[in-house]
Amino acid sequence: MTKEYVGYRTLTYVTDAAERARALYRVRQGLLIQPVPGYFISTQAWKELSVDTKIVLRICAAAALRPREVLCSVSAAAVLGAISWPRFHHHIHFASDTHVDMHEGKRSICMHHCIKNTRVDDDIVLGMSTYVVERILQNAENLYDQYQSINDTVGIVLGILVTSPLQTMFDVARQLPFENALQICDMLARIYQISQDDISQFLDTRKGCRGLTYARYMLSFVRMDSDNGGESYARARMILAGFVIPDVQVTLPNPFYNPARGDVPTIQNTKTLRVDFCWDMKKKDGTTARIVAELDGQSKYTDEDILEKSGATGESDVALKERDREGALTQMDMRIVRFQFFEASHNDGAQMVRKLQIAGVPTVSEGQIRRRRRWLRDYAQKHRMKLD
């Protein structure tokens with residue numbers, strides 16, 4: 001019996017020629033979507049998925065058709081838990097060892113990149129589960145929990161071969177603009193607890209690889225304690241603008257904390273407060289001045305999960321709680337700068353930069369500023385490996 005399009009509630013690979021022809025007909029009717037050749041899902045079910053889930057499903061579906069090949073670059077990063085902006089996921093990226101044909105044809109959604117030591121023994125491939133696709137689809141949002149290392153270059157996630165977190169960071173650093181690369185690398189460093197020593201030791205094994213000197217410099221800015229991709233992106237813009245690199249996610253004592261205040265939704269009655277960015281500056285009288293910068297997201301005031309976790313009952317409660325928190329920071333004689341992601345992302349972050357300048361955030365020397373721009377912008381634009 002022919003499966004009706006309403007039955008394609010999950011991404012399904014169709015092997016039967018007649019059924020695939022019917023599915024393609026329904027694609028032309030707008031009833032089905034074919035995100036990857038041979039895989040189908042109902043248009044309505046696809047629309048209900050988040051953007052991140054769509055990216056991961058598309059990557060894993062393509063990888064399931066190539067069980068001997070290793071995902072790399074932004075595709076590996078997505079499976080490892082660090083999803084980049086959708087525009088970087090137009091193609092699905094695979095690694096090819098030396099002396100392997102990498103030609104796919106102009107219409108292929110797959111791209112190959114030469115990465116040494118990415119061949120995997122046949123016994124590992126043959127030992128993979130025959131239910132890889134189903135397991136991947138059921139765990140699409142938490143694949144990084146399933147990562148297992150094979151060697152320092154390759155690992156496996158529920159039967160899908162991927163480059164290791166460190167190899168992925170190395171590749172992404174050489175392929176994406178600094179701001180986007182830092183987003184991914186910070187996230188991978190946080191998920192897999194990768195320190196600067198780990199990065200340095202790994203890069204020492206990659207002598208002779210293209211762009212090694214640039215990658216070493218770019219990855220020196222990676223922080224495993226960065227909280228999210230938006231903050232990493234904003235920090236990258238601060239670095240490019242020449243500001244002193246801030247401390248991130250700094251924990252401070254809350255001067256307003258008092259058990260007697262109770263657990264009220266509009267009050268920030270915690271023992272400590274954590275700020276996104278922080279700079280300490282020595283004043284002429286020997287004391288230290290502190291500037292704090294906070295990245296505001298619209299979801300902070302509208303996301304139902306955040307409201308529930310905070311105990312607040314509406315947008316006004318969240319706003320009042322935020323004001324109480326800011327009052328505590330002001331009480332500690334701090335200068336506070338608030339900016340939105342739009343201000344960090346639009347026009348090279350000019351609006352955010354202006355706010356930080358007015359607040360007096362310190363800058364590095366002119367020589368360091370020129371070095372940052374020469375490597376992180378000029379060199380990267382000219383020499384980085386392209387994704388399309």
Side-chain angles (χ1 to χ4, degrees), residues 11 36 52-84 88-97 100 102 104 109-129 131-176 180-181 183-194 198-199 202 205-206 209 215 219 222 385 387:
L11 201 58
V36 174
D52 285 1
T53 300
K54 290 178 183 177
I55 290 172
V56 171
L57 289 183
R58 187 167 174 267
I59 292 170
C60 292
L65 297 177
R66 301 163 176 258
R68 295 178 182 273
E69 297 189 31
V70 180
L71 286 171
C72 68
S73 184
V74 292
S75 299
V79 174
L80 291 170
I83 302 176
S84 185
F88 293 119
H89 292 287
H90 178 70
H91 289 95
I92 298 165
H93 301 268
F94 290 93
S96 290
D97 205 341
V100 175
M102 296 188 291
E104 283 280 346
I109 64 171
C110 299
M111 289 188 68
H112 284 79
H113 307 271
C114 183
I115 302 176
K116 295 180 179 180
N117 303 319
T118 52
R119 289 192 181 186
V120 178
D121 293 339
D122 287 343
D123 58 342
I124 294 178
V125 177
L126 294 174
M128 294 179 187
S129 168
Y131 300 100
V132 167
V133 179
E134 288 81 356
R135 294 172 65 196
I136 289 288
L137 299 182
Q138 292 170 6
N139 296 273
E141 296 182 0
N142 297 293
L143 294 180
Y144 57 87
D145 288 339
Q146 309 295 326
Y147 175 78
Q148 294 180 326
S149 175
I150 295 176
N151 54 49
D152 67 347
T153 307
V154 178
I156 189 168
V157 177
L158 292 179
I160 297 293
L161 296 170
V162 297
T163 49
S164 68
L166 277 164
Q167 179 66 48
T168 303
M169 291 169 67
F170 180 44
D171 295 333
V172 166
R174 297 176 295 162
Q175 293 171 327
L176 296 187
N180 304 106
Q183 282 183 303
I184 292 176
C185 293
D186 273 357
M187 193 173 297
L188 290 176
R190 184 176 72 252
I191 293 172
Y192 299 97
Q193 291 297 289
I194 297 172
D198 296 328
I199 293 173
F202 176 83
T205 68
R206 294 306 187 263
C209 290
L219 292 173
V222 169
M385 298 151 57
L387 289 180

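The analysis underlying the following values was restricted to heavy atoms, covering all of them including side chains, and did not include hydrogens, waters or symmetry mates. Just so you know, residue 1 is the first one in the sequence shown, and it goes up from there. Just so it is clear, the model here is predicted, and its values are computed rather than measured.
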Side chain to side chain contact (heavy atoms under 4.5 Å, CB included) assessment of Val56 paired with Ile83: CA-CA 8 Å; Val56 171; Ile83 302 176; 3.6 Å; yes

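- Contact of the Arg66 side chain with the Cys110 side chain is registered, since non-hydrogen atoms from C-beta on lie closer than 4.5 Å.
- Taken to the nearest 0.5 Å, the OG1 atom of Thr53 stands 12.0 Å off from the CG atom of Leu11.
- When all heavy atoms of His112 and Ala95 are compared, the closest pair comes out as CD2-O, 4.3 Å.
- We find the CD1-CZ distance between Ile184 and Phe88 to be 7.5 Å, quoted to the nearest 0.5 Å.
- Taking the side chain as every heavy atom from C-beta outward, Pro165 and Ile191 never approach each other to under 4.5 Å.
- Of all heavy-atom pairs spanning Thr153 and Lys116, the tightest one is CG2-O, 3.7 Å.
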Intermediate values then yes/no, side chain to side chain contact (heavy atoms under 4.5 Å, CB included), Leu161 and Ile150: CA-CA 9 Å; Leu161 296 170; Ile150 295 176; 3.9 Å; yes

Salt bridge (charged side-chain N to carboxylate O under 4.0 Å, His left out) assessment of Asp171 paired with Arg206: CA-CA 11 Å; Asp171 295 333; Arg206 294 306 187 263; over 6 Å; no

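- Using a 4.5 Å heavy-atom cutoff, the side chains of Thr168 and Leu80 are in contact.
- Applying the 6.0 Å contact sphere to CD of Gln193 captures more than 12 heavy atoms from other residues, nucleotides or ligands.
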Pair Gln175-His113, side chain to side chain contact (heavy atoms under 4.5 Å, CB included): steps then yes or no: CA-CA 11 Å; Gln175 293 171 327; His113 307 271; 3.7 Å; yes

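- A pairwise comparison of heavy atoms in Val154 and Asn151 identifies N-OD1, 2.8 Å as the closest pair.
- Considering every non-hydrogen atom in both Asp152 and Ser164, the closest pair reads O-OG, 2.8 Å.
- Asp198 places none of its side-chain heavy atoms less than 4.5 Å from the side chain of Tyr192.
- Taking both residues in full, the closest heavy atoms of Met187 and Gly81 are given as SD-O, 3.2 Å, listed atom of the first, atom of the second, then distance.
- One finds the CG atom of Asp97 at 6.5 Å from the CG atom of Asn117 (value rounded to the nearest 0.5 Å).
- Ile55 and Ala78 get closest at one heavy-atom pair: CG2-CB, 4.4 Å.
- Inter-residue side-chain proximity for Val70 and Phe94 is flagged as unmet; no heavy-atom pair is nearer than 4.5 Å.
- Taken to the nearest 0.5 Å, the OG atom of Ser73 stands 12.0 Å off from the CD1 atom of Ile92.
- One distance of note links OG1 of Thr163 with NE2 of His93; it measures 11.5 Å at 0.5 Å rounding.
- Using a 4.5 Å heavy-atom threshold, the side chains of Val79 and Ile59 count as touching.
- The shortest distance between side-chain heavy atoms of Arg58 and Ile109 falls below 4.5 Å.
- We find the CG-SG distance between Leu158 and Cys60 to be 8.5 Å, quoted to the nearest 0.5 Å.
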